[in-house]
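A short worksheet on the structure shown next.
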Amino acid sequence: HFPHLRTHARTHAPARVANEMHAAVYDFDVGAITTMLEDHSISPDVMEPGDETNYTMLLTAVSIGGDQPEDSLKIARVLIEAGADVNHVAADGSTPLILAAYDNNPEMIQLLLDRAADRVNFAQTIQNGATALYLACQDGHTEVVRKMLAFEACRHQLATRTDSGCTPLFIAVHIGFDRSEEHTSEL
């Protein structure tokens, strides 16, 4: 849909346009986002001026996904198709995958993996050294864990240690993942 954006990516847009684009994400206005991306030849990775969180529109869409999941998925799909960086790192170390895993959003995980599994950085960590897989295991998000473990690159993270020395595999066993369930048999 947006071939010109891949060659002409601008992450800095006029403040008014960047603010309008982010407001459209918060309003779940897919049409406005699509129009602004096309009309302004702006990267889907544009950030709001002065926003110290370093959130792109994709990070914002993922972070508010619980409010209106269907609309959030539509926005994320448009942004990914427009070339959004699926590995953009926020100030706290979060990426779209990390946020979706932490928020127990299996539909967003599936979208990210369906559209960009070959580009997703499963090894990215937040400030305490936790990966997306670790966070999903820690909070018992078995469907998210199952979806992520379908990818070999993610399975390599089973033994990755956090700053405190814990691994996703250790934490999954510690919190009591039921090994009899089919979707956790990978653990």
Side-chain angles (χ1 to χ4, degrees), residues 6 9 11 25 43-45 47 52-67 69 72-73 75-187:
R6 290 190 176 89
T11 56
V25 172
S43 166
D45 296 321
M47 291 174 272
E52 294 179 14
T53 64
N54 200 29
Y55 268 39
T56 61
M57 290 186 294
L58 180 57
L59 275 166
T60 300
V62 173
S63 73
I64 62 175
D67 296 339
S72 182
L73 284 168
I75 290 169
R77 188 174 295 112
V78 165
L79 294 169
I80 292 168
E81 288 175 2
D85 181 0
V86 295
N87 292 313
H88 179 84
V89 181
D92 65 358
S94 295
T95 64
L97 185 72
I98 287 172
L99 289 176
Y102 180 77
D103 289 340
N104 192 25
N105 189 336
E107 293 82 12
M108 188 65 74
I109 292 285
Q110 192 65 56
L111 175 68
L112 290 165
L113 297 177
D114 284 349
R115 302 292 173 123
D118 60 328
R119 300 187 317 264
V120 169
N121 179 3
F122 290 102
Q124 176 63 41
T125 63
I126 58 173
Q127 294 164 343
N128 66 357
T131 62
L133 181 61
Y134 181 89
L135 294 170
C137 287
Q138 168 186 282
D139 292 333
H141 303 320
T142 56
E143 186 176 358
V144 168
V145 169
R146 181 186 56 78
K147 288 180 182 299
M148 291 186 352
L149 288 177
F151 294 86
E152 184 177 344
C154 186
R155 289 192 299 271
H156 292 295
Q157 301 308 311
L158 280 168
T160 300
R161 296 184 182 279
T162 63
D163 295 348
S164 64
C166 291
T167 66
L169 183 56
F170 171 82
I171 201 70
V173 171
H174 181 71
I175 67 160
F177 268 68
D178 183 354
R179 290 183 177 271
S180 66
E181 293 181 43
E182 174 192 342
H183 58 273
T184 58
S185 63
E186 294 90 348
L187 296 173

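A quick note: this is a predicted structure, and the numbers were derived from the prediction, not measured.
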How would you list, by chain and number, every residue that makes a side chain to side chain contact (heavy atoms under 4.5 Å, CB included) with [X], sequence neighbours excluded?
X: A61; value: V25, S72, I75
X: Q157; value: F122, A123, T131, L133, T160
X: E152; value: R155, H156
X: A76; value: L58, M108, L111

Query raised in the report: Heavy-atom distance under 4.5 Å between the side chains of I98 and L135, does that happen here?
Result: yes
Report task. Could you tell me whether the side chain of M57 reaches within less than 4.5 Å of the side chain of T60, counting heavy atoms only? Result -> no
Could you report the tightest heavy-atom contact between [X] and [Y], atom names first, then the distance?
X: I109; Y: A101; answer: CD1-N, 3.7 Å
X: A100; Y: V62; answer: N-CG1, 3.6 Å
X: S63; Y: L99; answer: CB-CD1, 4.1 Å
X: T56; Y: P44; answer: CB-O, 4.5 Å
X: T162; Y: A130; answer: CG2-CA, 3.9 Å
X: Q127; Y: A91; answer: NE2-O, 3.7 Å

Query raised in the report: Does N54 use its side chain to pair, donor to acceptor, with the backbone of V89 at less than 3.5 Å?
Result: yes
Requested in this report: Measure from the side-chain N and O atoms of N87 to the backbone N and O of N121, and report whether any donor-acceptor pair falls under 3.5 Å.
Outcome: yes
Report task. Provide the full list of side-chain hydrogen bond (donor to acceptor under 3.5 Å, both in side chains) pairs with a residue in residues 93-104, sequence neighbours left out, each pair given once. Result -> D92-S94, N104-H141
Spatial distance of atom [atom1] ([X]) from atom [atom2] ([Y]) [nearest 0.5 Å]:
X: Y134; Y: L169; atom1: OH; atom2: CG; value: 12.0 Å
X: D85; Y: L79; atom1: CG; atom2: CG; value: 12.0 Å
X: N105; Y: K147; atom1: CG; atom2: NZ; value: 10.5 Å

Report summary line: Residue pairs passing the salt bridge (charged side-chain N to carboxylate O under 4.0 Å, His left out) test with at least one member in residues 107-123, sequence neighbours excluded, are E81-R115
Query raised in the report: Passes side chain to side chain contact (heavy atoms under 4.5 Å, CB included), D163 versus T125? Steps please.
Result: CA-CA 10 Å; D163 295 348; T125 63; over 6 Å; no
